[in-house]
Amino acid sequence: MDSTMIHVCLQTEGAPSGEDHEVGERWVCSCGDNFVYREGFNRAGYASLEWWPAPAIPQPRKASRRGLLFGPRKG
């Protein structure tokens, strides 16, 4: 997806609308795409607060049982 194009998910039912969102607020679409409400430059070159594509927030992996019982490997 081109980063300058508006994703079709923002036009579907359940998508956030209006301008009463906080800067930095995140939204994950049902298809799995991530968006963040932040200030950026639109196609005309003017600064505007909009929903922009964003990378997913990494989730920590569950610790393995070996790591919990014996600790990390040494040497």
Side-chain angles (χ1 to χ4, degrees):
M1 181 174 91
D2 188 11
S3 62
T4 59
M5 295 180 63
I6 295 176
H7 192 267
V8 71
C9 291
L10 295 173
Q11 301 169 2
T12 59
E13 185 178 333
S17 60
E19 296 183 8
D20 56 339
H21 302 284
E22 294 183 23
V23 174
E25 184 178 340
R26 297 184 73 91
W27 175 68
V28 179
C29 179
S30 60
C31 73
D33 283 347
N34 291 269
F35 296 91
V36 65
Y37 191 72
R38 66 172 177 85
E39 186 175 16
F41 294 97
N42 59 19
R43 289 184 177 184
Y46 296 103
S48 63
L49 285 170
E50 296 179 15
W51 290 99
W52 296 89
I57 297 175
Q59 300 294 325
R61 286 191 258 168
K62 294 181 181 178
S64 67
R65 292 183 185 196
R66 176 171 171 69
L68 293 174
L69 295 174
F70 302 107
R73 293 185 179 185
K74 297 179 182 175

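Below, each value reflects all heavy atoms present in this structure, side chains not excepted, and no hydrogens, waters or symmetry copies.
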Going only through I, L, V, M, F, W and Y residues with side-chain contacts under 4.5 Å, is there a path from W52 to F41? no
Using the rule that Ile, Leu, Val, Met, Phe, Trp and Tyr join whenever any side-chain heavy atoms are under 4.5 Å apart, tell me whether F35 and V23 fall into a single cluster. yes
CZ of R38 to CD of E50: how many Å apart, nearest 0.5 Å? 9.5 Å
Counting the benzene-type ring for Trp, do H21 and W27 have ring centres under 6.0 Å apart? no
With sequence neighbours excluded, what pairs up with R26 under the side chain to side chain contact (heavy atoms under 4.5 Å, CB included) test? N34, V36, A54, I57
